S.K.: 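Structure incoming, see below.
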Amino acid sequence: MSKAGKSEAVERPVNFIRNIIDEDLAKHKYESVRTRFPPEPNGYLHIGHAKSICLNFGIAEDYDGACNLRFDDTNPAKEDLEYVDSIQQDVCWLGFKWPGEPCYSSNYFDQFYAYAVELIEKGLAYVCFLNAEETREYRGNLKEPGKDSPYRDTSVEENLALFEKMRSGEFKEGECVLRAKIDMASSFMCMRDPTLYRVRFAHHHQTGDKWCIYPMYDFAHCLSDGIEGVTHSLCTLEFQDNRRLYDWVLDNLNDFQKPDRPFQYEFSRLNLEYTVMSKRKLHQLVDDKLVEGWNDPRMPTISGMRRRGYTPASIRDFAERIGISKVDSMTEMGILEAAVRDDLNKVAPRSMAVIDPIKVVIENYQDEPQTLMAPVHPQNETMGKREIFFGRELYIDRADFTEVAPNGKYMRLALDKEVRLRNAYVIKGLRADYDADGNVTTVYCSYDPDTHGKNPADGRKVKGVIHFVEASHALPAEFRLYDRLFTVENPAKEEDFESVLNPESLVVKYGFVEPGLLNSAAEQAYQFEREGYFCRDNQCGDKQVYNRTVALRDTWSSR
RNA sequence: AGGGCUGUAGCCAAGCGGUAAGGCAUCUGGUUUUGAUCCAGUGUACCGCAGGUUCGAAUCCUGCCAGCCCUGCCA
């Protein structure tokens, strides 16, 4: 496509799943598209889920279909209401809507039971009294076929009675299960008479104590899809083998003998450098108190990233940039960072913050502090102007001063060298005070009063620009500088992933921000010029605490 | 010979028999009161390897190699 042609049509993602949908629609296999996002409420959503959410809800939007939010709540022992709440919040925050109330697999427990009975009646399921260990032995292994359970040939009538007893609580946990009768010699391990129902005397967050038998994922998921009229059931690669069971269940039930029943397609899950994506590991970080909680800004969770300052738009853009495929991949952090910078650069108001302050005294400025106007966004006048202050005493960043410029390319403040104070005047370093350790405490400067909004009249070239905050109006603030959570690209590969945590993943600094930020809103992004994108922490109330979302792109420090 | 998948530039990823899109990263210029942004330019990809079919193969066939997944009454 020519570059000129690009602006004509809205560009939609291209991937193998959308290709399949296009074909299905063209062949009128379906008249509309229905997808679903089916989290188990046993943890918080992370950026990997966001990929799936954007895929499923994105398809629904583009094809004028719908995407159900469905809680896959078939295992009450691991699930909790806390998670069903947080999951809904995160999906909403990302900007997606599901039709009506959220769905629950547990809504269909009665139907699942009836379908199980149908399988039993067809001689395709049986109650098995082998214990867990025996079941494992009977299953065989990757090289050798399994052998039939001694309960495999129980009569239909007896199985019906036994299953009814399972439901009415006459068997103990672990005493028996309902199994599908498929093929103990199948090369797909999941087809060696998989368990369909197990006994659990557990209180369920949705169904209370109504049930003491709960369906397994492989039985419940395809049926939930079928009941909801899902057309394309999208999941990750590790379920490729399970697809045979998904198909087996639907193919053996009368209700799904139709060409427009759901079909499963698998795509690769997201792996991001320098972080972990498994719920188990994230749980561990939280439980071991290695992070502040699920919403710690260093966590790859939606709530953590939100607190860190990521926007819904940036996460959706990220999902689009990485695409969908079946390749096992490891995505560079750079893609995520580029996506946030792209969004924030456009929408974030500019401000100045001094993160590691040293004092500057302007010796030839004796007056009271003065007010200056600065653009909220230099490339977008419609965002208006803001008030900043300039006076005799200022703060600048420690990194922006050195006594002697190291070379001609140095663009910051040095003695006997001029530099521009962003949005204000040109100043020149005169001398500096140091503490006992030799660290700069104060830099004494002069300013050129005729340089506000213009270059020096005599044509002097001033190359560098540094930021500052006027001391008497400065607002003390805490800055939390975040870095990658782990020191290695793929911590999941480590024997002990917690041993490769980055000790500098959080560095706290105390400095100053412009007075205009006094009532800044939590999560509102700002660009602290020359430093990066920050937002007010959403957990610290009135305290001036700013989280660094991401630093500005830096093409120079490495040289 | 257990089975299921995957291999296109440093990373992600289009392509589906007609002679390799795009994004990120990199590098080079230009603009700039953010060393940012923006603009322009920048790539020898043995299309995993080896054969074969074809006028023509990343695309079809065969054989190899490498990586991931599968033996929960988890999802």
Side-chain angles (χ1 to χ4, degrees), chain A residues 1 6 11 13-16 19 38-40 42 72 74-75 77-78 128 130-132 135-137 139-146 173-179 186-192 194-200 214 216-218 220-221 235-244 266 268 273 279 320-339 341-342 345-346 350 352 374 377-379 409-412 419-426 451-455 462-467 527-532 551-557 559:
Chain A
M1 185 190 291
K6 262 186 188 172
E11 285 200 59
V14 175
N15 58 54
F16 77 97
N19 292 344
E40 184 187 15
N42 67 345
D72 209 349
T74 56
N75 187 0
K78 291 189 174 178
C128 180
L130 253 25
N131 64 34
T135 303
R136 196 181 325 122
E137 285 164 6
R139 187 155 34 229
N141 56 48
L142 298 180
K143 304 272 188 186
E144 292 159 18
E173 285 187 13
E175 191 175 351
C176 60
V177 295
L178 181 74
R179 288 228 255 169
S186 174
S187 54
F188 295 100
M189 296 302 289
C190 66
M191 297 297 268
R192 319 247 264 225
T195 299
L196 265 24
Y197 267 97
R198 74 286 216 190
V199 177
R200 287 288 177 279
Y214 291 95
M216 300 290 289
Y217 164 86
D218 285 307
H221 202 90
C235 62
T236 43
L237 256 25
E238 65 271 26
F239 291 100
Q240 287 177 122
D241 286 358
N242 300 248
R243 186 174 68 242
R244 278 72 187 184
E266 311 88 10
S268 46
E273 282 182 348
K279 269 193 209 172
E320 196 157 312
R321 290 183 189 211
I322 58 176
I324 296 291
S325 75
K326 304 182 71 157
V327 184
D328 254 298
S329 56
M330 178 65 76
T331 297
E332 291 178 343
M333 272 292 182
I335 298 182
L336 218 207
E337 294 178 345
R341 288 195 187 106
D342 225 46
N345 175 51
K346 279 178 258 165
R350 309 287 121 128
M352 294 194 284
H377 188 124
Q379 279 86 38
K409 289 182 178 169
Y410 184 78
M411 294 174 69
R412 305 176 181 190
V419 77
R420 155 80 59 185
L421 285 181
R422 177 77 170 156
N423 295 129
Y425 303 91
V426 169
T451 52
H452 180 231
K454 55 185 171 184
N455 289 322
V462 178
K463 267 198 311 198
V465 179
I466 64 172
H467 57 95
Q527 186 198 94
F528 290 159
E529 290 186 295
R530 300 210 316 131
E531 291 289 357
L552 254 31
R553 182 161 172 266
D554 178 3
T555 52
W556 131 95
S557 70
R559 301 182 197 185

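As a basis for the values below, the full set of heavy atoms in this structure was taken, side chains included, without hydrogen atoms, waters or symmetry mates. Source: prediction; values computed, not measured. In the text below, chain A, chain B and the rest are named by the order of the sequence lines, each starting its count at 1.
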S.K.: Could you give the CE-to-P distance, from A/Met189 to B/rU71, as a whole number of Å?
M.R.: 7 Å
S.K.: Let me know the distance between CG of A/Asn19 and C1' of B/rC16, rounded to the nearest Å.
M.R.: 10 Å
S.K.: Should the side chain of A/Arg350 and the base of B/rU34 be counted as holding a donor-acceptor pair, with the cut-off at 3.5 Å?
M.R.: yes
S.K.: Send over the distance from A/Glu137 CD to B/rG72 P, rounded to a whole Å.
M.R.: 12 Å
S.K.: Could you work out the separation of B/rA50 and B/rG7 based on their C1' atoms and round it to a whole Å?
M.R.: 16 Å
S.K.: Sort out the partner of B/rU8 for me: Watson-Crick or G-U wobble, both distances under 3.5 Å, none otherwise.
M.R.: B/rG15
S.K.: Do the side chains of A/Pro38 and A/His221 get nearer than 4.5 Å, heavy atoms only?
M.R.: yes
S.K.: Is there a Watson-Crick or G-U wobble partner for B/rC64 with both distances under 3.5 Å, and which nucleotide is it?
M.R.: B/rG48
S.K.: A/Lys326 has an atom NZ; how far is it from atom P of B/rU6, in whole Å?
M.R.: 5 Å
S.K.: Out of curiosity, A/Arg192 CZ to A/Arg139 CZ, how far, rounded to the nearest 0.5 Å?
M.R.: 8.5 Å
S.K.: Could you state the atom-to-atom distance from CG of A/Leu237 to P of B/rU6 in whole Å?
M.R.: 8 Å
S.K.: Distance check, P atoms only: B/rU44 and B/rA1, in whole angstrom units.
M.R.: 47 Å
S.K.: Reckon A/Phe239 touches a base, only the sugar-phosphate, or nothing at all at heavy-atom distances under 4.0 Å?
M.R.: base
S.K.: In whole angstrom, give me the gap between the C1' atoms of B/rU71 and B/rA58.
M.R.: 37 Å
S.K.: Provide, to the nearest angstrom, the distance between the CZ atom belonging to A/Arg139 and the P atom belonging to B/rG72.
M.R.: 4 Å
S.K.: Write down the distance between CZ (A/Arg192) and P (B/rG2), rounded to a whole number of angstrom.
M.R.: 13 Å
S.K.: Ring-on-base stacking between A/Trp556 and B/rG35, under 5.5 Å between centres and under 30° between planes: is it there?
M.R.: yes
S.K.: Tell me the partner of B/rC27, counting only Watson-Crick (N1-N3 plus N6-O4 or O6-N4) or G-U wobble (N1-O2 and O6-N3) with both under 3.5 Å; none if nothing fits.
M.R.: B/rG41
S.K.: Atom CD of A/Glu40 and atom OG1 of A/Thr74: how far apart are they, to the nearest 0.5 Å?
M.R.: 6.5 Å
S.K.: At less than 3.5 Å, do the side-chain atoms of A/Glu531 and the base atoms of B/rU34 form a donor-acceptor pair?
M.R.: no
S.K.: May I have the distance from A/Ile322 (atom CD1) to B/rA14 (atom P), rounded to whole angstrom?
M.R.: 11 Å
S.K.: Distance between the P atoms of B/rA40 and B/rU31, in whole angstroms?
M.R.: 15 Å
